[in-house]
There are 2 protein chains.
Amino acid sequence: MGARLFDVKQSGRRARRRGESRALALGILPELIGYHLRLVQRAIFADFAESVGAEGISPGLFGVLVLVEANPGLKQQRLAEAAHLDRSSLVPVIDKLEAKGLVERRAADRRSNGLFLTAEGTALLRSLKRRVRRHERRVVENLSAREQRELIRLLGRILPGKR
Amino acid sequence: MGARLFDVKQSGRRARRRGESRALALGILPELIGYHLRLVQRAIFADFAESVGAEGISPGLFGVLVLVEANPGLKQQRLAEAAHLDRSSLVPVIDKLEAKGLVERRAADRRSNGLFLTAEGTALLRSLKRRVRRHERRVVENLSAREQRELIRLLGRILPGKR
DNA sequence: TATTGTTATACTCTATAACTATA
DNA sequence: TATAGTTATAGAGTATAACAATA
């Protein structure tokens, strides 16, 4: 029990006096992909909200706008499937986008709606996409182009049968 | 406008008659890391719920159990920080684990609690960890050991300053 | 005075079940 | 009869603000 251990204790105490604290033991967590994904997604979500979400557009709403633009006249049923949502869960989503004046429901036949962006929705989406591209650049700024492709490739191999 | 286009249309119709449908246009989404992360996390979450969640243990609750086991006597405040939760949000989490008989609050001083696993919590966690390791093997079954390490390395480089 | 845990409250996201209208 | 959208309702997860007790 010499100087070494004492120093360790001291530096621990000093660190805690500075408001830091000994790192928590994380157990098995760092071996789990899901744990890392959660941390990363938290950070991406926060950066998205800060840099893109000014108009109250979350990543999910942004995705819906993109899909409606890319598939004009899309039915709610089909969009719900694409977004892995129950069709009842999509209703308040479209309500919100319609209330913001970004999306329009147009009767396709008398029981189904085709979805379309309004002019305002198209304009806002253009701006959102610019901001999202900047956000994305920040997200991957520590990865080379090759690493970015590799990351997407590896993610695509995770539980591929389950999607 | 020859046989080619006609064939495409026909096969599209045939596919739709079989209950499939033309793939949706995804616009910019497949270029975004966040989009792929969402898909992957959905799939992992579903597999976890199916293969680990029998006792109503979500990935978040599992994480809390692991942290309490690895840091006996952990204070709620400290655990909330580690889990990126407000301390008020942690209260119902610990309530639930205590109601299940897995975790115990023991007064550390008269205003703070140290958290400990009960014997039952320790036993259940042992079983949960076995199931989580099997789940994790399924999650990465299409990745070599090298690819698994590479994936975790690349995830660690995403927005590292924001965590 | 600052910290710890708690409560009251509310908001987001999502699901299930039941209902209406219609294909 | 099956499908599209909606409504009512509920549950999980999380946050903010205010409060009591105590360091």
Side-chain angles (χ1 to χ4, degrees), chain A residues 16-21 34 38-39 41-43 45-46 48-50 53 55-64 68 73-100 103-116, chain B residues 16-17 19 21 34 38-39 41-43 45-46 48-50 53 55-64 68 73-100 103-116:
Chain A
R16 262 164 282 137
R17 241 181 275 124
R18 285 198 312 271
E20 304 160 21
S21 49
R38 269 165 84 90
L39 290 182
Q41 206 169 24
R42 268 196 65 85
F45 219 91
F48 187 102
E50 187 183 311
E55 292 86 357
I57 301 295
S58 64
L61 293 183
F62 173 75
V64 167
V68 171
L74 189 59
K75 308 283 176 59
Q76 290 183 205
Q77 179 89 276
R78 186 92 172 76
L79 175 54
E81 285 161 22
H84 300 280
L85 291 178
D86 189 88
R87 67 189 194 280
S88 71
S89 302
L90 186 63
V91 172
V93 172
I94 304 300
D95 286 350
K96 182 185 267 186
L97 292 174
E98 212 169 29
K100 288 177 187 289
V103 160
E104 192 186 353
R105 288 166 162 113
R106 282 188 219 156
D109 55 39
R110 277 191 301 192
R111 75 171 174 188
S112 66
N113 301 325
L115 300 175
F116 297 86
Chain B
R16 260 164 283 137
R17 240 181 277 122
S21 49
R38 268 166 84 87
L39 291 183
Q41 205 170 25
R42 268 196 64 83
F45 217 91
F48 187 103
E50 186 184 312
E55 292 88 354
I57 300 295
S58 64
L61 293 182
F62 173 74
V64 167
V68 171
L74 189 58
K75 308 281 176 62
Q76 291 183 203
Q77 178 89 278
R78 186 92 172 77
L79 175 55
E81 284 160 25
H84 299 279
L85 291 177
D86 188 89
R87 66 189 196 277
S88 71
S89 301
L90 186 65
V91 172
V93 172
I94 304 300
D95 286 350
K96 182 185 266 185
L97 292 174
E98 211 169 30
K100 288 177 187 288
V103 161
E104 192 187 355
R105 288 165 162 113
R106 281 188 220 154
D109 53 42
R110 277 190 302 190
R111 75 173 175 188
S112 66
N113 301 324
L115 300 175
F116 297 86

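Protein chains get the first letters and strands the later ones, always in sequence-line order, with residue 1 at the start of each.
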Verify, without hydrogens or angle tests, whether [X] (side chain) and [Y] (backbone) share a donor-acceptor contact under 3.5 angstrom.
X: E98(B); Y: R105(B); result: yes
X: D109(A); Y: R111(A); result: yes
X: K100(B); Y: E55(B); result: yes

How long is the line joining [atom1] of [X] and [atom2] of [N], in whole Å?
X: L85(A); N: dT6(D); atom1: CG; atom2: P; result: 14 Å
X: L79(A); N: dT6(D); atom1: CG; atom2: P; result: 12 Å
X: L115(B); N: dT4(C); atom1: CG; atom2: P; result: 13 Å
X: K96(B); N: dT14(D); atom1: NZ; atom2: C1'; result: 13 Å
X: R42(A); N: dG13(D); atom1: CZ; atom2: P; result: 15 Å
X: Q77(B); N: dA23(D); atom1: CD; atom2: P; result: 15 Å
X: D95(B); N: dT14(D); atom1: CG; atom2: C1'; result: 15 Å
X: D86(B); N: dC19(D); atom1: CG; atom2: P; result: 17 Å

Could you tell me whether the phosphate oxygens of [N], OP1 or OP2, come under 4.0 Å of any side-chain nitrogen or oxygen in [X]?
X: S89(A); N: dA15(C); value: yes
X: K75(A); N: dT3(D); value: no
X: Q76(B); N: dT6(C); value: yes

Ignoring the backbone of [X], work out which of [options] is nearest its side chain.
X: N113(B); options: dT6(D), dA15(C), dG5(C); result: dG5(C)
X: D109(A); options: dA15(C), dA23(C), dG5(C); result: dA23(C)
X: R87(A); options: dA4(D), dA18(D), dC13(C); result: dA4(D)
X: S88(A); options: dA15(C), dA4(D), dG5(C); result: dA15(C)

Donor-acceptor pair under 3.5 Å, R111(B) side chain vs dT4(C) base: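 Answer no: no donor N or O sits under 3.5 Å from an acceptor.
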NA contact type, [X], heavy-atom cut-off 4.0 Å: base, sugar-phosphate, or nothing?
X: L90(A); answer: nothing
X: R110(A); answer: sugar-phosphate
X: S112(B); answer: sugar-phosphate
X: R105(A); answer: sugar-phosphate

Determine, step by step, whether Q76(A) and V91(A) satisfy the side chain to side chain contact (heavy atoms under 4.5 Å, CB included) criterion, reporting the C-alpha distance in whole Å, the side-chain angles of both residues, the deciding distance to 0.1 Å, and the verdict. CA-CA 8 Å; Q76(A) 290 183 205; V91(A) 172; 4.3 Å; yes
Verdict with reasoning, L115(A) to L97(A), per side chain to side chain contact (heavy atoms under 4.5 Å, CB included): CA-CA 11 Å; L115(A) 300 175; L97(A) 292 174; over 6 Å; no
Starting at the 5' end of DNA chain D, which residue's closest nucleotide do you reach first, P92(A) or R38(A)? P92(A)
Over 12 non-hydrogen atoms of neighbours within 6.0 angstrom of NZ in K75(B):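 12 or below, so no.
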